[in-house]
2 protein chains.
Amino acid sequence: MITQTLIKEFQNKVGRENVFTDKADLLTYSYDAAVLEPVIPALALRPSDSEALGQVVRLCNENRLPLTVRGAGTNLSGGTIPISEGVVVLTNALNKILEINEADMYAVVQPGVVTAELAAAAEAKGLFYPPDPGSQAVSTLGGNVAENAGGLRGLKYGVTRDYVMGIQFFDVNGDIVKTGSRTVKCATGYNLTGLMVGSEGTLGVFNEITLKLIPLPAAQKAMVAVFDKMENASETVAAIIASRIVPATLEFMDNFTIRAVEDYSKVGLPTDAAALLLIEMDGHPAQVEEDADRVELLCHKMGATSVRVAKDASERDSVWAARRSALSALAKLKPTLVLEDATVPRSKIPDMVQAMQDIAKQYDLSIGTFGHAGDGNLHPTILTDRRDKEEWKRVESAIEAIFDKALGLGGTLSGEHGTGIAKSCFLEKETTAATIVYSKRVKEALDPNNILNPGKIIG
Amino acid sequence: MITQTLIKEFQNKVGRENVFTDKADLLTYSYDAAVLEPVIPALALRPSDSEALGQVVRLCNENRLPLTVRGAGTNLSGGTIPISEGVVVLTNALNKILEINEADMYAVVQPGVVTAELAAAAEAKGLFYPPDPGSQAVSTLGGNVAENAGGLRGLKYGVTRDYVMGIQFFDVNGDIVKTGSRTVKCATGYNLTGLMVGSEGTLGVFNEITLKLIPLPAAQKAMVAVFDKMENASETVAAIIASRIVPATLEFMDNFTIRAVEDYSKVGLPTDAAALLLIEMDGHPAQVEEDADRVELLCHKMGATSVRVAKDASERDSVWAARRSALSALAKLKPTLVLEDATVPRSKIPDMVQAMQDIAKQYDLSIGTFGHAGDGNLHPTILTDRRDKEEWKRVESAIEAIFDKALGLGGTLSGEHGTGIAKSCFLEKETTAATIVYSKRVKEALDPNNILNPGKIIG
């Protein structure tokens, strides 16, 4: 229960203006980007320094108040949906880039720093922060780390996990835990950094994050390959990987998505194409030229009807702007959009793309498929209306069919959107009963009162 | 207590010939490569399949028998030293490469596979497993993962952690836990893969490990730069990094080490040089040429007296063979060799190299310094005789001085050798009291009887 005395205590810690109790304010924090029931929290707090953040955690634990940390709320698996009697802790006033170390190529940030802001700040110093989740323009690094966010560059550069060198976080008592280092190598203590990445706010509250930066690639080249048969496009993905070329980005878009994107962004995509591949190479200029030539040749050999190489940076930017608008474009078509991200070993992309077609037909649903084909991470997107109960039942069945197909192909339930609330009940399909028991033991040991974002990952 | 009945049970599980009770056998498993007191275990077992391995874990837990898994025993922090009333579980009969998947570029291995064997098997298929700890010719992948082993290529390619995609392991009850995936991206469940890497056998027993492979680099070029002032060499390291070149390997050797290596391996190293840098570039041929030219120029500019580029593969191999012999060469000089691996942000290498000189003088000790300068991971090597109590006291003081210096420069206690027994008591110097409490909670929750390699990491 949140008493007036407790609210006063919170006001003392974070400042009167940073305690929100108004229904209208709280409504804003009741949902994220997943299709799940919103839950209005009892209170929202916005600490603006480390000390206040630690004290908020401590007070919540002492008062057994469930606590959900919220960055930009772009989560796609319900990880940011709070508990009705609980507290939402906002990180948007903890948004300082504390250091960009050029000599040792790392950045230290507070959790509320926006992903694209760090990327831009690094780029200004000739450095590169590769992870680029679709929501990078608004998503926060704290959220990215908590969810182990992916993005378009996973294929060559990996995901958020691959860039987290160290984390300083508050345990449930509000005490500081330090893990990892600012060094390239670190084998000191348990790899709690690894455990924290993707833990969705259930094991601690981030205070500072140290992220690896790398030198900017010297050159880039983007191209769009057009296919009149979908299987030709998906088989081209497998062929590129098989020939040991590692593009920075290798994206797939089916006809359904192409039409939605073109209608939305008018960049001149061929709306009659069965599928497109959007491909970018980066690195040393000679490597980029060579790989681009090989990829172009491969696309033609695999049946592309045309391959268009971006002439300059602005043409390249428009390709990626179009790709990045896919989700928004599809979202306009129907009241409810379910964005899946079941993922397969990349050689299985042709099977997975075909399966999405079959599942759409079987359950009589509109499914647009696009995504990071090069790393096996497709986003089948079901367009529906949640109020239509009969259709919603078919949607739920289709989602399970997608999971089963991905697992059957040696894949995983989630490539980059996290487990959250949405997938926790399916976890045993992929792992084992003992895996869930093991995970629960970790959670119970580190958060005995179950106040840190309860209900996520392990249900 | 290990009764005859229990020994019979173990014999039933793993076969009579795989249960070792002889003192002479057990002595072999009483030590590793760290300078620590040997401990003779009560029993050693060699399971040769998964099922037997799981049953051994279960039996040990039921009988409260401490269990230490042992690969090749090359550990440098005492992680493989057993408990006197405990059991050593050998992995050398669990040494199958279960799969090398060329299309999706991963390998699945049992824990006892030798690192260099996987690297060779991958290379035969045009693939690359980059982590190359000094002991790779004998070390096992299970040990590498348990210790988060590093190597010479950390600078460009990262460490073992960066290649572990998934682990299947036995929890303390002998039940299978599955974590990670064979997909490039995976955000399903907790990142237990991350937690297990570097956990030194204290949280579970590995059954199968899935490792990422990458395409082999197309070209390589190695060179040796000779310096007559040590600080010129260490400042060259910082200058190379500052100019955003990322060599595959960037190794440092001081005069003490050069003389020992030359005496041992007769490859023609300049024994009057104050220091050497051994540098290798790899990647696209154009990139390699360009980087090699820039590095050569930089070395000269920073005062190298000569830079010799390896003419062919055999000259290149002899450079690395010489480097790899450093530890053996130094070990011949005195009865006891203490190999440290305190690590600093790489721009701090000049300070760290200087500090090693100062510490050697201050404590009147022979310290040879070599190692992975390019990733900040030096190996100051103290040559001593442990039986000389007075000198040993100075050695212990020098080790603490090395730790303090590394931490003072923003570094870490261990870059790649692990915490084990050797560094567990220093952990709080680098982290916080709450970090250790947090770590202990994880351990206690997952191993309530404290039978999984007790005493390691958190003491």
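Convention: sequence-line order gives letters A, B, ...; per-chain numbering from 1. These numbers were taken from a predicted model, which means no experiment stands behind them.
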Enquirer: Given a strict heavy-atom distance threshold of 4.5 Å, which part of B:N101 is in contact with chain A: side chain, backbone, both, or neither?
Expert: neither

Enquirer: Enter the distance from B:D162:CG to A:R161:CZ here, rounded to the nearest 0.5 Å.
Expert: 9.5 Å

Enquirer: B:D175, B:L195, B:D375: which one forms the most heavy-atom pairs within less than 4.5 Å of chain A?
Expert: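 Highest number of pairs under 4.5 Å: B:D375.
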
Enquirer: Which bit of B:L413 is near chain A, if near means a heavy-atom gap under 4.5 Å: side chain, backbone, both or neither?
Expert: both

Enquirer: Checking heavy atoms, do the side chain of B:T431, its backbone, both or neither come under 4.5 Å from chain A?
Expert: both

Enquirer: Quick check: do B:M105 and A:I241 have side-chain heavy atoms less than 4.5 Å from each other?
Expert: yes

Enquirer: Does the A:T412 side chain pair with the main chain of B:C186, one donor and one acceptor, at a distance under 3.5 Å?
Expert: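 A pair under 3.5 Å: no.
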
Enquirer: Could you check whether any side-chain heavy atom of A:T188 comes within less than 4.5 Å of a side-chain heavy atom of B:F426, counting everything from C-beta outward?
Expert: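 Side chain of A:T188 against side chain of B:F426, heavy atoms only: no contact under 4.5 Å found.
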
Enquirer: Distance from B:E428 atom CD to A:K178 atom NZ, nearest 0.5 Å?
Expert: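 Going from CD on B:E428 over to NZ on A:K178, the span is 11.0 Å.
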
Enquirer: Can you tell me which portion of B:I436 sits under 4.5 Å from chain A's heavy atoms? Options are side chain, backbone, both or neither.
Expert: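 Neither; nothing under 4.5 Å.
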
Enquirer: For B:T183 and A:G411, indicate whether the former's side chain and the latter's backbone hold a donor-acceptor pair under 3.5 Å.
Expert: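 No.
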
Enquirer: Using heavy-atom distances under 4.5 Å, tell me whether B:V437 contacts chain A through its side chain, its backbone, both, or neither.
Expert: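 For B:V437, there is no contact with chain A at all, as no heavy atom is under 4.5 Å.
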
Enquirer: For B:I457, which atoms come within 4.5 Å of any heavy atom of chain A: side chain, backbone, both, or neither?
Expert: side chain

Enquirer: Side chains of B:N148 and A:N191: closer than 4.5 Å at any heavy-atom pair?
Expert: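 No, too far: nothing below the 4.5 Å cut-off.
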
Enquirer: Would you call the rings of A:Y438 and B:F169 parallel, tilted or perpendicular, where under 30° means parallel and over 60° means perpendicular?
Expert: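 Because their plane-to-plane angle is over 60°, the rings of A:Y438 and B:F169 count as perpendicular.
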
Enquirer: Under a 4.5 Å heavy-atom cut-off, does chain A meet the side chain of B:I214, its backbone, both or neither?
Expert: neither

Enquirer: Roughly how far apart are A:L216 CG and B:R244 CZ, rounded to 0.5 Å?
Expert: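 Separation between the atoms: 8.0 Å.
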
Enquirer: Between B:L446 and A:V442, is a side chain to side chain contact (heavy atoms under 4.5 Å, CB included) present by the stated rule, with each step listed?
Expert: CA-CA 7 Å; B:L446 298 175; A:V442 172; 3.8 Å; yes

Enquirer: Are the side chain of B:T419 and the backbone of A:G189 linked by a donor-acceptor contact shorter than 3.5 Å?
Expert: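 Yes, because the side chain of B:T419 sits within donor-acceptor range (under 3.5 Å) of the backbone of A:G189.
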
Enquirer: Between A:V159 and chain B, which part of the residue has a heavy atom less than 4.5 Å away: side chain, backbone, both or neither?
Expert: side chain

Enquirer: Please classify the contact between B:E290 and chain A as side chain, backbone, both or neither, with a heavy-atom cut-off of under 4.5 Å.
Expert: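 It is the side chain, since no backbone atom gets that close.
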
Enquirer: Flag the one option from B:A242, B:S77, B:S439, B:G376 with the top tally of heavy-atom pairs under 4.5 Å to chain A.
Expert: B:S439

